[in-house]
Amino acid sequence: MVRVTKKQEHRLPDLRNVGKHVVMRMAPSPSGPLHLGHSRMSILNDEYVKRYGGDLVLRIEDTNPENIDPIAYDQIPMDLQWLGVNVTQVVIQSERMDIYYDEARKLINSGHAYICFCKQEEFRKLKLKSEACPHRDSSPVENMESFEKIIRGGFNRGNATLVIKTDLNHPNPSIRDWIAFRIVDTPHPRTGLKYRFYPMMNFSVAVDDHLLGLTHVIRGKDHLNNTEKQKYIFDYNDWTLPEYYHYGLINIPDTVLKTSIIKKGIVNGEYSGWDDVRLGTLMALKKRGYAPETFRRYWIESGMKEIDAEFSWDIFNSMNREIVDKNASRFFFVKNPMEIRLNNETALISKIPYHPGIPDTGFREYEIGSNASIFVDPADWNNLDDGKSIRLKDLCDVQKIGNTGKVLSIKPGKEKLKIIHWAPQGSLKFIIFRPDGTTDKGISEPLISSYRGIAQFERYGYVNVEGEKGTGYFLHK
RNA sequence: GCUCCGAUGGUGUAGUCCGGUCAAGCAUUUCGGCCUUUCGAGCCGACGACUCGGGUUCAAAUCCCGGUCGGAGCACCA
């Protein structure tokens, strides 16, 4: 039997129980702009909504006033738009507080939730022993009174919580009677001090997943326990559970992603902003020249397995190179330039294709006068033994004699020579910011001045160029 | 410690549900060759993996049991 060649492209597995359409969501906390890690859940959800049709909800989970950066409300939708993620509905949780209160009242009435006045430590200890706290048996009427009193501001932080009754003998202590609301008196960037009794993520998520009609939930497996907790809310209300998927954690090496670290760095001036090229934010990656399509391809290939994995910049860059290369004009960038003199008697014309693979992109052309001097990278020139020959790409072959190049031939000789790049007189200062925080300074050929976008600096790498400024951001080799 | 989850080359994946077509495919990396006036692209080739031990079976990457290793969560973050 002949083996059928498998399709090269990776395809995400089909979802279970898909009806006419799906409703899915992304639920970032607004602690800052999106980063590389967030792009995974965004792409995954978006892919499925595109496959099956339906809605994709962006739900901003801003129920912890202490962990909000207002920039996120605007930047997250922009990040998603850049990624090509088609959000059909935006929901901001801080605008839904009354909904959460109503759902809480329902659970209090049905005896599934109680107000607890235990100190944090006390409550924890009892739970570990599988013992009920003294407030667990309060009547719904008592609980309701307390609840309304808390909402009106009758208690201070740490003195009261709303707890969901689960199972005190559950093998996992964190799932035993979990806290659904707690008091926070920090002003909220959007609602100020209007509310002080905030739902915990497990409560608001369960309520919203139901009310928004979620059919499928895809998220990281760090939420595995949370899913267990949220199921109680669905049970008590007799709501239909969405299908859950939990993908494994991705370790992204050599990349700063933690918003707390980034924020601190921005404040103390170490980073220039959220788009500092040393960071793993989408803003920074965009600035360096990554294509949105690269993210999509990468995360589709990674799939939804629960296994933890290592993010591979090699593979990511390789995918990006494939996308970006065809539109990347070639230029010469000479790092730490040194001048060498040629002994040509007549002027030389150098005509170099902008893209050797795509002939109709044209040429860049420079005239090198007689006995001209040009610039080369000392790393190339100094490694060449005196008397040896080298090829100046698209210019001529030369023999090294000290710091002069004796022109051997204008047409490339038969001999196989090392080929190096160079820059003519009139080249412009150019500086490249690299993601490791270093910079490469040098010069680039004159025609770079009108170029914008991703260029390939030959033998150096891909760089997102702002020609008129003489700066560029290193993308990858 | 407790609860849950997982294990295919350096990395990422395919195959595992329904055992045989898998002496394991693809991509990436590294190395070599061809081509080429880039160390890019393209082409060819090489290295490199089923965590271990038992069991079931004519047959196991695939099913079962155990060990090991790794990961996540562990309570007023999301």
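Keep in mind that this is a model prediction, so the values were computed, not measured. Chain naming here is simple, since letters A, B, ... match the order of the sequence lines and numbering starts at 1 in each.
- Between B:C31 and B:G67, the two P atoms lie 43 Å apart (nearest whole Å).
- Residue A:Thr161 has its side chain nearest to B:C76 when only B:C76, B:G73, B:U11 are considered.
- Distance CG (A:Leu224) to C1' (B:U3): 10 Å, rounded to an integer number of Å.
- When heavy atoms are screened at a 4.0 angstrom cut-off, A:Leu128 is found touching base atoms of the nucleic acid.
- For A:Gln456, taking side-chain heavy atoms from C-beta onward, the closest of the listed nucleotides B:U38, B:U11, B:U8 is B:U38.
- A:Asn202 places its CG atom 10 Å from the P atom of B:C74, with the value rounded to the nearest Å.
- Look at B:C74: its Watson-Crick or wobble partner, with both distances under 3.5 angstrom, is B:G1.
- Rounded to whole Å, the C1' atom of B:G71 lies 34 Å from the corresponding atom of B:A59.
- Nearest nucleotide to the side chain of A:Glu61, out of B:C74, B:G6, B:A78: B:A78.
- Residue A:Ile315 has its side chain nearest to B:U11 when only B:G73, B:U11, B:G6 are considered.
- Nucleic acid contact class of A:Asn226 (heavy atoms, under 4.0 Å, all strands): base.
- Going from atom CD of A:Glu301 over to atom P of B:U11 covers 15 Å, rounded to whole Å.
- Nucleic acid contact class of A:Lys351 (heavy atoms, under 4.0 Å, all strands): none.
- One C1' atom belongs to B:C44, the other to B:A49, and the distance between them is 24 Å to the nearest Å.
- We find that A:Glu243 and A:Arg16 are joined by a salt bridge, their nearest charged nitrogen and carboxylate oxygen being less than 4.0 Å apart.
- To the nearest angstrom, C1' of B:A72 lies 7 Å from CG of A:Leu249.
- For A:Glu228 and B:C2, the CD to C1' distance is 15 Å, given to the nearest whole Å.
- In this structure, B:G53 and B:C65 make a Watson-Crick or G-U wobble pair, each of the two defining distances being under 3.5 angstrom.
- Rounded to the nearest Å, the gap between the P atom of B:A61 and that of B:C2 is 34 Å.
- Of the two residues contacting RNA chain B, namely A:Asn172 and A:Asp397, the nearest-nucleotide position lying further toward the 5' end is that of A:Asn172.
- Computed from coordinates, the A:His355 NE2 to B:U37 P distance equals 16 Å when rounded to whole Å.
- At the heavy-atom level, A:Cys118 lies under 4.0 Å from base atoms of the strands shown.
- When the side-chain nitrogen and oxygen atoms of A:Gln120 are compared with OP1 and OP2 of B:C76, one or more of them lie within a distance under 4.0 Å.
- Atom CG in A:Leu417 sits roughly 12 Å away from atom P in B:U38 (whole-Å rounding).
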* To do: List the steps, then state whether side chain to side chain contact (heavy atoms under 4.5 Å, CB included) holds for A:Leu282 with A:Ser39.
  => CA-CA 8 Å; A:Leu282 296 184; A:Ser39 67; 4.2 Å; yes
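- Between B:G9 and B:C58, the distance separating the two C1' atoms is 31 Å to the nearest Å.
- Note on A:Lys416: a base of the nucleic acid sits closer than 4.0 angstrom, heavy atoms only.
- No engagement by A:Phe457 is indicated, since no non-hydrogen atom pair under 4.0 Å with the nucleic acid exists.
- In this structure, A:Ile250 atom CD1 and B:U11 atom C1' are separated by 11 Å, rounded to whole Å.
- Proximity of the aromatic rings of A:Phe457 and A:Phe332 is defined here by a centroid distance below 6.0 angstrom, and this criterion is not met.
- When heavy atoms are screened at a 4.0 angstrom cut-off, A:Leu126 is found touching no nucleic acid atom at all.
- Minimum atom distance to the side chain of A:Ala309 is reached by B:G12, of the listed B:A78, B:G40, B:G12.
- Salt bridge annotation for A:Arg136-A:Asp177: present, with a cationic side-chain nitrogen under 4.0 angstrom from a carboxylate oxygen.
- A gap of 34 Å separates the C1' atoms of B:C26 and B:C65, to the nearest Å.
- Note that A:Arg434 lies in the cation-pi zone of A:Phe474, set by a 6.0 Å cut-off to the ring centre and a 45° limit from the axis.
- Under the 6.0 Å distance and 45° angle rule, A:Arg105 does not count as a cation-pi partner of A:Phe147.
- A gap of 15 Å separates the C1' atoms of B:U8 and B:A23, to the nearest Å.
- Checked for salt-bridge contact, A:Arg157 and A:Asp185 meet the test: a charged N lies under 4.0 Å from a carboxylate O.
- A salt bridge is defined here as a Lys NZ or Arg NE, NH1 or NH2 lying under 4.0 Å from an Asp or Glu carboxylate O, and A:Glu122 with A:Lys125 fails to meet this definition.
- A:Ile420 comes within 4.0 angstrom of nothing in the nucleic acid, heavy atoms only.
- Taking only side-chain nitrogens and oxygens, A:Lys305 never comes nearer than 4.0 Å to OP1 or OP2 of B:G12.
- Residue A:His223 is in base contact, counting any heavy-atom pair closer than 4.0 Å across all strands shown.
- Under the Watson-Crick or G-U wobble criterion, with both distances below 3.5 Å, B:C22 is left unpaired in every strand shown.
- If you check B:C76, B:U8, B:G71 against the side chain of A:Met200, the one that comes closest is B:C76.
- When distances are taken from the side chain of A:Pro356 to each of B:A78, B:U36, B:G40, the shortest belongs to B:G40.
- In this entry B:G45 has B:C31 as its Watson-Crick or G-U wobble partner, both defining distances falling under 3.5 Å.
- Under a 4.0 Å N-O distance rule, the pair A:Asp440/A:Lys335 qualifies as a salt bridge.
- With both ends at atom P, the span from B:G70 to B:U11 equals 15 Å, rounded to whole Å.
- Residue A:Arg321 places at least one side-chain N or O under 4.0 Å from the OP1 or OP2 atom of B:A41.
- Both A:Ile175 and A:Ile307 lie close to RNA chain B; mapped to their nearest nucleotides by heavy-atom distance, the more 5′-ward contact belongs to A:Ile175.
- Nearest nucleotide to the side chain of A:Asn64, out of B:A78, B:G73, B:U3: B:A78.
- Taking only side-chain nitrogens and oxygens, A:Thr63 comes nearer than 4.0 Å to OP1 or OP2 of B:A78.
- Ranking B:G73, B:U37, B:G40 by closeness to the A:Arg391 side chain, first place goes to B:U37.
- Comparing atom distances between the A:Ser318 side chain and each of B:G73, B:U11, B:U28 picks out B:U28 as nearest.
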